[in-house]
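A short worksheet on the structure shown next.
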Amino acid sequence: MDCFSCENHQCIIKKNCRQEKLRSFIQRKATLRCKKGQNFIIEGAPVHGLYFVQNGKVKVAKTGLNGKEQIVRFTGNGETIGHRGFGAGQTYQINAVALENTVLCNFSTDTLKEMLMEVPTLTYELMTFYAEELNRSETKVKKFAQMTVREKVIDALLYINRKFGRTHDLLNLQLSRKEISDFAGTTEEQVIRTLSSLRKDGLIETTGKRIGIKNVELLRKEISEHNYFLDS
DNA sequence: TCATTAACTGTCG
DNA sequence: CGACAGTTAATGA
């Protein structure tokens with residue numbers, strides 16, 4: 001698919017694709033189709049450019065010493081992955097795994113570098129994205145240090161809801177309890193217990209893997225003193 | 001259907 | 001709160 005007919009209007013390439021200077025570069029992009037569970041960026045592997053999600057969902061994570069995983073963020077349509085590869089070092093410091101069948105656009109580092117040199121609006125928008133990412137990262141440090149397990153789980157649920165939405169109260173992103181714990185910074189058992197507790201309180205519904213949020217306002221209220229508005 | 005995987009529970013340090 | 005062990009429920013070949 002070419003960028004002109006792409007529906008992802010928040011994608012920074014899409015936003016700038018009308019610029020004449022970018023025309024030839026955009027033709028150089030590669031399209032990659034990933035199956036569910038595919039690990040298309042491997043921690044420690046050489047950087048092979050920047051990715052944009054054209055269609056699908058991806059988790060970005062770091063692996064600890066004992067095999068413990070820390071999910072950094074989830075990405076959906078139009079979002080950027082692998083941007084840290086631009087900086088120092090020639091290897092990725094993250095893993096990226098497709099959570100469902102996903103189509104990705106890939107630009108090589110060299111191609112993107114040329115594009116950034118040519119088009120200031122593209123460079124500025126990428127810079128804004130880096131700034132937002134840094135803000136999110138800093139906020140997450142604070143949350144991990146100050147939130148209780150229950151608050152961290154609520155925060156994770158609201159994040160998924162903000163990012164992927166829900167249909168008939170059910171979250172549009174299906175995650176295992178383990179994945180929720182890897183994102184929230186706690187353990188699988190704690191997530192299971194917290195979800196049961198939230199269900200008893202009538203705040204959520206669970207049917208197997210699926211989680212339904214019944215009362216967003218009450219959940220939001222529980223973590224309101226922890227800067228929910230920062231949209232991390 | 002049966003075997004494997006994930007969700008859940010109790011308990012202990 | 002996290003880790004371990006054990007049970008029950010869900011999934012998929």
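Within every chain, numbering begins at 1; the chains are lettered A, B, ... in the order of the sequence lines, protein sequences first and strands thereafter. From a predicted model like this one, the values you see are computed outputs, not experimental measurements. Computed from heavy atoms alone, side chains included, the values below leave out hydrogens, waters and symmetry copies.
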| request: Report yes if a side-chain nitrogen or oxygen of A:Ser196 is closer than 4.0 Å to either non-bridging phosphate oxygen (OP1 or OP2) of B:dT9; otherwise report no. | output: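 For A:Ser196, the contact criterion (side-chain N or O under 4.0 Å from OP1 or OP2 of B:dT9) is met.
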
| message | With a 4.0 Å limit, can you tell me whether A:Thr186 has a side-chain N or O closer than that to the phosphate oxygens OP1/OP2 of C:dC1? | response |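 For C:dC1, neither OP1 nor OP2 has a side-chain N or O of A:Thr186 closer than 4.0 Å.
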
| A:Arg193 or A:Gly208, whichever maps to the more 5' nucleotide of DNA chain B | A:Gly208

| message | Should the side chain of A:Glu189 and the base of B:dC8 be counted as holding a donor-acceptor pair, with the cut-off at 3.5 Å? | response | no

Between [atom2] of [N] and [atom1] of [X], the distance in whole Å:
{"X": "A:Arg210", "N": "C:dA10", "atom1": "CZ", "atom2": "P", "result": "15 Å"}
{"X": "A:Leu198", "N": "B:dC8", "atom1": "CG", "atom2": "C1'", "result": "15 Å"}
{"X": "A:Ile192", "N": "B:dT5", "atom1": "CD1", "atom2": "P", "result": "17 Å"}
{"X": "A:Arg177", "N": "C:dT11", "atom1": "CZ", "atom2": "P", "result": "11 Å"}
{"X": "A:Lys178", "N": "B:dA7", "atom1": "NZ", "atom2": "P", "result": "11 Å"}
{"X": "A:Lys209", "N": "B:dC8", "atom1": "NZ", "atom2": "P", "result": "12 Å"}

| Pair A:Asp155 + A:Lys152: basic N to acidic O under 4.0 Å |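 No, no charged N to carboxylate O under 4.0 Å.
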
| query | Hey, are A:Lys36 and A:Glu100 close enough for a salt bridge, meaning a charged N less than 4.0 Å from a carboxylate O? | reply | no

| Ring-face cation of A:Lys163 near A:Phe74 (centre distance under 6.0 Å, axis angle within 45°) | no

| query | Relative to A:Phe183, does A:Lys140 satisfy both conditions: NZ or CZ under 6.0 angstrom from the six-membered ring centre, and within 45 degrees of the ring's axis? | reply | yes

| task | Kindly point out which of B:dT9, B:dA7, C:dG2 is positioned nearest to the side chain of A:Glu188? | result |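 For A:Glu188, the side-chain atoms sit closest to B:dA7.
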
| message | Let's see if you can work this out: which of B:dA7, B:dC8, C:dG2 has an atom nearest to the side-chain heavy atoms of A:Gln190? | response | C:dG2

